[in-house]
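For clarity, every value in this text was computed on a predicted model and none was experimentally measured.
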Amino acid sequence: LISYDPNDALYLGERYGYGHGKHFYDYLTTGSGMVLSWTALTRLGRCIKRQECQCPADDSPDDMAVGRWFRSLGVPALHEAGFHQRRPGDYHPDALAVDGP
């Protein structure tokens, strides 16, 4: 985290993607954890307060909704190799040799 400016709007974690073409967006999986800077969190809070960032349904995937909201706020989903959704033993050893557990 030391390589990032904490004053920037940061949304870091393990990045996934959904959709295709114009309808594609990326998001961070909450299963791996994520880091939000105060700036990003403040933007999200304002969006929620204005009721512009709302889940479309009670059973909507939370991580995908957060990804859409941050995209609409101009905050990119930044992939950080140290975040993993699964346990190290669930990954192929070659993948761990590159990224680490």
Worksheet item: Roughly how far, to the nearest 0.5 Å, is the OG1 atom of T42 from the CG atom of L73?
Response: 11.5 Å

Worksheet item: Closest approach of A9 and S37, non-hydrogen atoms and distance?
Response: CA-OG, 3.5 Å

Worksheet entry | For the student: nearest non-hydrogen atoms of R15 and H79, plus distance | N-ND1, 3.1 Å

Discussion item. For the CG atom of L44 and the OG1 atom of T39, what is their distance to the nearest 0.5 Å?
Written reply: 12.5 Å

Which pairs of donor and acceptor atoms, one on a side chain in residues 64-72, lie under 3.5 Å apart (sequence neighbours left out)?
{"unit_1": "R68", "atom_1": "NH1", "unit_2": "Y25", "atom_2": "OH", "d": "3.1"}
{"unit_1": "R71", "atom_1": "NH1", "unit_2": "F24", "atom_2": "O", "d": "2.7"}
{"unit_1": "S72", "atom_1": "OG", "unit_2": "W69", "atom_2": "O", "d": "2.7"}

Item to complete: Using the rule that two of Ile, Leu, Val, Met, Phe, Trp, Tyr join whenever any of their side-chain heavy atoms come within less than 4.5 Å, decide whether F83 and Y18 are in one cluster.
Response: no

Fill in: Joint hydrophobic cluster, L12 plus W38, side-chain heavy atoms closer than 4.5 Å
no

Item to complete: Kindly check if the number of other-residue, nucleotide or ligand heavy atoms within 6.0 Å of OH (Y4) is above 12?
Response: yes

Response to the item:
CD of E80 to OG of S32, rounded to nearest 0.5 Å, is 10.5 Å

Practice prompt. Could you list the residues that satisfy side-chain contact (heavy atoms from CB on, under 4.5 Å) with D8, not counting sequence neighbours?
Written response: D5, L10

Worksheet item: Ignoring hydrogens and geometry, is there a side-chain-to-backbone donor-acceptor pair from T30 to D63 under 3.5 Å?
Response: no

Practice prompt. Find the distance between CE (M34) and CD (E14) and round it off to the nearest 0.5 Å.
Written response: 11.0 Å

Item to complete: Determine, using the 4.5 Å side-chain heavy-atom cutoff (strictly less than), whether Y11 and Y16 are members of one ILVMFWY cluster.
Response: yes

Response to the item:
Shortest non-hydrogen pair, G74 vs R43, comes out as O-NH1, 4.4 Å

